[in-house]
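As a basis for the values below, the full set of heavy atoms in this structure was taken, side chains included, without hydrogen atoms, waters or symmetry mates.
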Amino acid sequence: MRTQHFAYITLVVRDYDEAIDFYTRVLGFSLVENKIMSSTKRWVVVLPSGNTGCGLLLAKAANEEQSSRIGNQTGGRVFLFLHTQNFQFDLENLQRHNVKIVRGPVDEPYGKVLVFEDLYGNLIDLIEPITN
């Protein structure tokens with residue numbers, strides 16, 4: 001038997017520092033790695049608070065093709081699903097930082113949910129799941 005898990009999900013960004021600022025200061029993620037790999041490349045990983053699993057690898061676009069994907073990595077679909085235990089706190093935090101809320105908040109059979117944009121326009125679902 002073997003086990004597998006995702007270690008990182010790549011997010012193409014315009015600038016390392018502006019992406020770090022948004023994900024850490026605005027969303028409250030932790031910066032867990034920020035290593036210089038070359039004069040133009042860094043290894044930057046952020047994690048949602050309390051998460052020890054899959055990290056978000058912030059990767060600066062290196063060419064025009066990669067730059068064309070910034071803000072639209074999934075063709076307009078939701079890119080990430082972020083679970084929370086305190087929806088109201090996170091909603092107020094998004095509002096305080098003037099983050100664009102695209103849909104919601106609404107109550108769904110599975111929990112409270114809203115969709116917001118990151119600094120580039122990628123869509124993220126914020127969900128407080130119903131616990132049984």
Side-chain angles (χ1 to χ4, degrees):
M1 178 164 185
R2 70 179 188 162
T3 61
Q4 296 177 321
H5 69 277
F6 287 108
Y8 307 102
I9 296 172
T10 300
L11 174 63
V12 181
V13 302
R14 180 176 34 248
D15 178 81
Y16 289 116
D17 294 322
E18 73 181 5
I20 290 169
D21 180 67
F22 178 82
Y23 280 92
T24 60
R25 185 182 57 81
V26 175
L27 296 187
F29 286 25
S30 298
L31 178 63
V32 294
E33 291 187 71
N34 186 4
K35 298 177 185 169
I36 296 172
M37 306 299 283
S38 70
S39 62
T40 58
K41 187 175 179 181
R42 287 159 52 184
W43 183 264
V44 178
V45 178
V46 295
L47 287 173
S49 65
N51 188 343
T52 57
C54 184
L56 190 58
L57 176 67
L58 306 178
K60 184 177 177 182
N63 56 46
E64 259 186 64
E65 182 178 357
Q66 291 176 14
S67 291
S68 74
R69 304 305 194 271
I70 296 171
N72 191 23
Q73 294 206 161
T74 58
R77 300 283 310 244
V78 170
F79 173 57
L80 298 170
F81 295 81
L82 181 63
H83 283 200
T84 181
Q85 293 177 332
N86 193 334
F87 188 89
Q88 189 61 39
F89 175 87
D90 289 327
L91 170 60
E92 290 170 6
N93 183 61
L94 293 172
Q95 292 170 331
R96 186 171 41 260
H97 287 97
N98 298 311
V99 173
K100 183 176 180 183
I101 296 173
V102 178
R103 286 189 300 274
V106 296
D107 290 316
E108 296 288 353
Y110 53 86
K112 293 180 186 175
V113 63
L114 64 79
V115 179
F116 69 93
E117 290 184 353
D118 75 357
L119 75 163
Y120 301 114
N122 293 297
L123 299 178
I124 301 173
D125 263 17
L126 176 69
I127 304 168
E128 183 176 355
I130 292 175
T131 55
N132 296 332

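Scored by the side-chain contact (heavy atoms from CB on, under 4.5 Å) test, Glu92 finds Gln88, Gln95, Arg96 as partners (sequence neighbours excluded). Residues forming a side-chain contact (heavy atoms from CB on, under 4.5 Å) with Arg69 (at least two apart in sequence, or on another chain): Glu65. With sequence neighbours excluded, the residues that form a side-chain contact (heavy atoms from CB on, under 4.5 Å) with His97 are Arg25, Val26, Asn93, Val99. Checked against salt bridge (Lys or Arg N to Asp or Glu O under 4.0 Å), Glu108 has no partners two or more places apart in sequence or in another chain. With sequence neighbours excluded, the residues forming a salt bridge (Lys or Arg N to Asp or Glu O under 4.0 Å) with Asp17 are Arg42, listed by chain and number.
We find the OG-CG distance between Ser49 and Asp90 to be 7.5 Å, quoted to the nearest 0.5 Å. In this structure, CG on Asp125 lies 9.5 Å from CG on Leu82, to the nearest 0.5 angstrom. How far CZ of Phe29 is from CG of Leu58: 9.5 Å, rounded to the nearest 0.5 Å. Between the CG atom in Leu47 and the OG1 atom in Thr24 there is a gap of 12.0 Å [rounded to 0.5 Å]. Rounded to the nearest 0.5 angstrom, Leu123 CG and Phe79 CZ are separated by 11.0 Å.
Residues Leu119 and Val45 fall into different hydrophobic clusters, defined by Ile, Leu, Val, Met, Phe, Trp and Tyr side chains chained together at heavy-atom separations under 4.5 Å. Put simply, Ile124 and Ile101 are part of the same group of oily side chains (I, L, V, M, F, W, Y) that touch within less than 4.5 Å, one to the next. Cluster annotation: Tyr110 is connected to Val106 through the hydrophobic network of ILVMFWY side chains, with a link wherever side-chain heavy atoms come within less than 4.5 Å. The same ILVMFWY cluster, assembled from side-chain heavy atoms under 4.5 Å apart, contains both Val102 and Val78. Taking hydrophobic clusters as Ile, Leu, Val, Met, Phe, Trp and Tyr residues chained together by side-chain heavy-atom distances below 4.5 Å, Val44 shares a cluster with Tyr120.
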Can Thr74 and Asn122 be said to form a side chain to side chain contact (heavy atoms under 4.5 Å, CB included), step by step?
-> CA-CA 8 Å; Thr74 58; Asn122 293 297; 5.7 Å; no
When you look at Glu128 and Phe89, which way does the side chain to side chain contact (heavy atoms under 4.5 Å, CB included) test go after all the steps?
-> CA-CA 11 Å; Glu128 183 176 355; Phe89 175 87; over 6 Å; no
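Residues Leu56 and Tyr23 share a closest heavy-atom pair of CD2-CE2, 3.7 Å. Phe22 and Glu117 make their closest contact through CZ-O, 4.1 Å (heavy atoms, listed as atom of the first residue, atom of the second, distance). Closest approach of Met37 and Trp43 over heavy atoms only: CG-N, 3.7 Å. Across every non-hydrogen atom of Ala61 and Ile70, the tightest pair is CB-CD1, 3.9 Å.
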For residues 5-13, tabulate all N or O donor-acceptor pairs below 3.5 Å that involve a side-chain atom, not counting sequence neighbours.
none

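Counting non-hydrogen atoms of neighbouring residues, nucleotides and ligands closer than 6.0 angstrom, the CD atom of Gln66 exceeds 12 such neighbours.
Only one option out of Leu94, Asp118, Leu126 pairs with Leu27 in a side chain to side chain contact (heavy atoms under 4.5 Å, CB included); it is Leu94. Partner Leu91 forms a side chain to side chain contact (heavy atoms under 4.5 Å, CB included) with one of Thr84, Leu114, Asn86 and no other, that one being Leu114.
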